[in-house]
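This report refers to the structure that appears directly beneath it.
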Amino acid sequence: MIDLRALRDSPDAVRASQRLRGEDEGVVDAVLAADERRRTALSDFERVRGEQKAHGKRVAQAAGEEKQALVAAAKDLSAQVKQLQAAAAEAEAEVEELLRSVPNLVADGVPPGGEDDYIVLEEVGTPRDFAAEGFEPRDHLELGELLGAIDMGRGAKVSGARFSFLTGAGARLELGLMQYAMARAVEWGFVPVVPPTLVTPQMMGGTGFLGAHAEEVYRLDADDLYLVGTSEVPLAGFHADEILDLRGGPLRYAGWSTCYRREAGSHGKDTRGIIRVHQFTKVEMFSYVPAAEADAEHQRLLAWEREVLDAVEVPYRVIDVAAGDLGTSAARKYDCEAWVPTQGRHRELTSTSSCTTFQARRLGIRERTAEGSTTPVATLNGTLATTRWLVAILENHQREDGSVVVPAALRPYVGLDVLEPVRR
RNA sequence: GGAGGCGUCGCCUAGUGGUCUAUGGCGCCCGCCUGCUAAGCGGGUUUGGGGUGAUACCCCAUCGCGGGUUCAAAUCCCGCCGCCUCCGCCA
């Protein structure tokens with residue numbers, strides 16, 4: 001949720017942000033009008049409520065007939081209070097609802113436009129020239145089947161489309177990758193966390209996932225809980241309604257979790273293999289920092305992502321995501337996309353978002369200021385590893401015989417130097 | 001799943017319908033006093049919001065959360081959540 005006071009102060013900044021995102025600007029005037037009504041209604045209620053309280057004290061001290069008369073008058077006041085309170089609550093709710101519908105303010109410098117209007121910041125590494133090496137690369141699923149690592153058929157049998165089994169070398173590679181990412185995060189000072197993956201509507205809404213993309217999340221109707229699509233949700237909720245002490249530096253957590261996504265809007269897209277599945281695992285970084293340090297922390301998260309990408313030795317590029325493709329909560333987002341040889345294009349492996357104070361406002365996460373008051377913190381998140389990374393690792397490190405060389409950094413965690421085809 | 005108990009400010013705690021502004025202590029902050037770190041004295045110390053874009057002042061809400069009863073609710077009633085004790089069931 002954006003800052004109501006900031007919207008009052010500079011409505012044009014909010015309008016500009018909405019334009020950049022391709023969203024409705026009219027909401028700004030609607031909020032301003034609703035806020036005006038809210039403040040009037042609140043003043044009315046508070047004035048009469050004050051009268052009622054003062055009157056109540058006189059009732060308490062009176063006795064006999066005098067008391068009877070005072071109670072009669074109190075009934076009238078009580079009726080008024082009830083009505084004014086309801087009106088104030090309604091006005092309050094209206095502002096709240098409108099304000100919640102506004103996505104985060106886009107940061108300065110974010111490229112305008114939609115999904116295809118990203119800016120490439122940097123390209124790292126060089127794709128292998130398989131033609132020069134004299135063989136046609138196999139795609140990740142073909143390799144996965146050769147290696148006994150990925151089983152989509154049985155995934156579909158047991159759970160339906162877009163579900164897979166990782167078996168043998170596939171399971172070892174996945175677990176090794178996650179362990180490696182987690183070990184690095186711990187080395188950088190992150191607190192490792194295994195969070196719950198079922199969360200309340202408050203947490204899902206507070207992190208911004210029940211807005212435009214609500215149809216992407218699984219909901220358990222019987223329990224009114226949601227399955228998280230990322231551990232960002234429980235890691236943000238971890239400190240909900242708390243006042244943090246950030247004088248000693250940012251609070252950083254690295255969550256490992258299974259993630260669930262309905263992929264409702266992507267029918268027919270990436271149906272082969274494990275590029276886009278309903279369930280995968282992920283190691284996610286999450287930082288709580290003073291609002292003024294958000295940009296600096298964002299750069300640090302990006303740098304840490306790149307360290308792990310470098311360690312798995314796949315070519316990748318860094319993009320600055322355009323305004324129209326930011327999530328509800330993000331003010332700025334950088335993605336790292338790995339080269340996938342058989343697709344001849346880059347695919348997202350990591351994504352780091354600065355949510356500035358947007359999530360913190362909704363979730364009530366503040367810090368104590370030097371003056372003694374409280375102020376919302378900034379929250380940021382970034383990917384350190386996901387199941388999708390297996391796609392890039394398998395394809396980029398394959399050999400002509402179908403074996404796959406495990407990146408050196410992962411070998412101690414995977415327990416294998418080379419993944420070999422299995423006999424059937 | 002069943003029975004009982006509990007939930008008050010950072011911590012502990014008093015408070016069974018109105019009696020001043022929810023007690024009191026610890027801790028913490030400010031000041032005074034004091035011949036070193038102690039003691040004593042005085043004041044302050046939840047959070048959110050409104051007046052109001054204000055470090056002062058005034059007001060409203062806030063006693064786990066949400067409803068209800070009442071002129072009036074921390075207090076009475078209902079639902080939910082959490083913790084503790086016990087019972088049952090289960091990996």
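Please read these numbers as outputs of a predicted model, since none were measured by experiment. In what follows, chains are A, B, ... by sequence order, proteins preceding strands, each numbered from 1.
- Nucleotide B:G53 is matched to nothing when pairs are restricted to Watson-Crick or G-U wobble geometry with both distances under 3.5 angstrom.
- In this structure B:G1 sits in a base pair with B:C87, meeting the Watson-Crick or G-U test at under 3.5 Å.
- Atom-to-atom, CG of A:Leu84 to C1' of B:G50 comes out at 15 Å; the value is rounded to the nearest Å.
- Residues passing the salt bridge (charged side-chain N to carboxylate O under 4.0 Å, His left out) test with A:Asp9, sequence neighbours excluded: none.
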Response to the item:
Readout for nucleotides 56-78 of chain B: B = base within 4.0 Å of protein heavy atom, S = sugar-phosphate only, - = neither; 5' to 3' it is ---BBS-------S-BS------
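- Separation of the C1' atoms belonging to B:G66 and B:C81 is 10 Å when rounded to the nearest angstrom.
- Qualifying side chain to side chain contact (heavy atoms under 4.5 Å, CB included) partners for A:Glu215, counting only residues two or more places apart in sequence or in other chains: A:Arg262, A:Ala264.
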Worksheet item: Taking it one step at a time, do A:Glu242 and A:His239 satisfy side chain to side chain donor-acceptor pair (under 3.5 Å)?
Response: CA-CA 6 Å; A:Glu242 293 182 22; A:His239 284 303; 2.7 Å; yes
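- In this structure B:A38 sits in no base pair that meets the Watson-Crick or G-U test at under 3.5 Å.
- Mapped onto RNA chain B by nearest heavy atom, A:Leu4 and A:Arg366 fall at different nucleotides, with A:Arg366 at the one closer to the 5' end.
- For A:Asp108, there are no salt bridge (charged side-chain N to carboxylate O under 4.0 Å, His left out) partners at least two apart in sequence or on another chain.
- For the C1' atoms, the distance from B:G53 to B:G64 is 35 Å, rounded to whole Å.
- We find that CD of A:Glu96 is positioned 13 Å from C1' of B:G49, with the value rounded to whole Å.
- Residue A:His55 is the one, among A:His55 and A:Thr375, whose nearest nucleotide of RNA chain B lies closer to the 5' end (criterion: closest heavy atom).
- Computed from coordinates, the A:Glu92 CD to B:G48 C1' distance equals 10 Å when rounded to whole Å.
- Backbone-only engagement by A:Thr374 is indicated by non-hydrogen atom pairs under 4.0 Å involving sugar-phosphate atoms exclusively.
- Scored by the ring-ring contact (aromatic ring centres under 6.0 Å, His included) test, A:His278 finds A:Phe163 as partners (sequence neighbours excluded).
- The gap from the C1' atom of B:G17 to that of B:U69 amounts to 12 Å, rounded to the nearest Å.
- To the nearest angstrom, C1' of B:C9 lies 16 Å from CG of A:Asp241.
- Scanning for salt bridge (charged side-chain N to carboxylate O under 4.0 Å, His left out) contacts around A:Asp320 gives A:Arg332, with sequence neighbours left out.
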